[in-house]
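This report concerns only the one structure given below.
All chains are named by letter (A, B, ...) in the order of the sequence lines, taking the proteins before the strands, and each is independently numbered beginning at 1.
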Amino acid sequence: MDDQTRMLAGMGGLGGLSQADVGDPDSVRKQQSLGQPQQDIGDILQQIMAITDESLDEAQARKHALNCHRMKPALFSVLCEIKEKTVLSIRGVQEEDPPDPQIMRLDNMLLAEGVSGPEKGGGSAAAAAAAAAAGGSPNDGSIEHSDYRAKLTQIRQIYHSELEKYEQACSEFTNHVMNLLREQSRTRPISPKEIERMVAIIHRKFSSIQMQLKQSTCEAVMILRSRFLDARRKRRNFNKQATEVLNEYFYSHLSNPYPSEEAKEELAKKCGITVSQVSNWFGNKRIRYKKNIGKFQEEANLYAVKTAVDAANVSAQASQANSPATPNSG
DNA sequence: TGTTATGATTTTGG
DNA sequence: CCAAAATCATAACA
């Protein structure tokens, strides 16, 4: 709380309280009568200086007395004027918060990752978009994906609750300070403009804390992302039956091994893999077959006889309807 | 432990 | 945007 006291102390030096001298018609009348006031002011100043030497109780009583002094409003307005001239002109220039590029970047990233954006629906859409952007193909419905989304949701919840806490603390503190200043503005010159400035300072402080939160959230998302990508990179061979189905299709369509979207979907269903995995497989197969036909000759023959056998079986089964004596080989 | 096979990702070209 | 080609990373194997 050192900061707080320092900030509050720093406030004292600025501004004039306009309503203090406007509101009191006495101050005008008193200022007009010369001679007497000069002595009064000297008197007041002397008493103010003397306060520091007195005990707390005495000082308190004296302060109250000074507050009620008939010359107080006049002195007050003079102080305001002086402060206005000396300090405000210097400070008034470098105002207006420049939008921090750092925090803008963090904001954008959190938005892009679906952390700070709209809840649930939009969030998962953004996550899917992020996943799609990370890899060429969206891997639909995989275990890792839902895992990733669950973790992201967790991060989002933590982020939002922390953010809320900070915002609440900020507004509480701001209110506290504002009340304090308003209270003090009765005894020392504090302009509303200055209270505003004070609030801005507090908000800046809190937003720097928020930036830390955003930064660590970003880091967490990045780590999660990289782990997610690593997990996706982990290769698991397709089962034997799946590769068989794929190879069968490939070698029986060797002249044009480009399955249509529907064919891909069917193959995917048969093999228990995704459509993009089917596409990957055919992409890899085409290029690798083309690169070294010799190496795949054996395989090609194998599947050629396989399909031939299948065809034979089919025709056999067809003929079985006519003559049920035909035996099938295993 | 080195090599190959293979699924996934990235880069490139139309 | 799609497919080829290159490349990466790991499973499977010798």
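- In this structure, A:Ile273 atom CD1 and B:dG7 atom P are separated by 8 Å, rounded to whole Å.
- One can place OH of A:Tyr258 at 8 Å from P of C:dA3, the figure rounded to the nearest angstrom.
- Side-chain contact between A:Leu267 and A:Phe282 is present, with at least one heavy-atom pair separated by less than 4.5 Å.
- With respect to the salt-bridge test (charged N to carboxylate O, under 4.0 angstrom), the residues A:Glu194 and A:Arg197 do not qualify.
- Mapping A:Pro259 and A:Asn284 onto DNA chain C via the closest heavy atom, the residue that lands nearer the 5' end is A:Pro259.
- Contact check for A:His253 versus A:Tyr258: no side-chain heavy atoms found under the 4.5 Å cut-off.
- A:Trp281 places its CH2 atom 13 Å from the P atom of C:dA4, with the value rounded to the nearest Å.
- Considering only side-chain N and O atoms, A:Gln277 lies under 4.0 angstrom from the phosphate OP1 or OP2 of B:dA8.
- Within 4.0 Å of A:Arg236, counting heavy atoms only, lie sugar-phosphate atoms of the nucleic acid but no base atom.
- Within 6.0 Å of atom NZ in A:Lys270, 12 or fewer heavy atoms from other residues, nucleotides or ligands are found, so the atom counts as exposed in its surroundings.
- Counting only distance, with no hydrogens or angles, the side chain of A:Ser207 and the backbone of A:Gln210 share no donor-acceptor pair below 3.5 Å.
- Among the heavy atoms of the strands lying under 4.0 Å from A:Asn237 are primed sugar atoms or P, OP1, OP2 only; no base atom is included.
- Proximity of residues 295-302 of chain A to DNA chain C (heavy atom under 4.0 angstrom from any strand atom) is not detected for any residue.
- The interatomic distance linking A:Lys285 (NZ) with C:dA3 (P) rounds to 18 Å, in whole Å.
- Atom pair A:Asn280:CG and B:dT10:P shows a separation of 11 Å (rounding to whole Å applied).
- Regarding A:Ile287, its CD1 atom lies at a distance of 18 Å from the P atom of B:dT9, rounded to whole Å.
- Within the 4.5 Å cutoff, side-chain heavy atoms of A:Leu213 are placed close to those of A:Thr217.
- Spacing between atom CZ of A:Phe238 and atom P of B:dA5 amounts to 18 Å, rounded to whole angstrom units.
- When A:Phe250, A:Tyr251, A:Tyr289 are each tested for a side-chain contact (heavy atoms from CB on, under 4.5 Å) with A:Glu299, only one passes: A:Tyr251.
- Inter-residue side-chain proximity for A:Lys205 and A:Phe173 is flagged as unmet; no heavy-atom pair is nearer than 4.5 Å.
- Among the nucleotides C:dA3, C:dA5, B:dT9, the one closest to any side-chain atom of A:Lys264 is C:dA3.
- Using a 4.0 Å cut-off on heavy atoms, none of the residues of residues 239-252 of chain A approach DNA chain C.
- Other residues, nucleotides and ligands contribute more than 12 heavy atoms inside 6.0 Å of the CD atom of A:Gln297.
- Listed pair A:Lys290 / C:dA5 meets the phosphate criterion, a side-chain N or O lying under 4.0 Å from OP1 or OP2.
- One interatomic measurement links the two molecules: CZ of A:Arg288 to P of C:dC8, which rounds to 13 Å at whole-angstrom precision.
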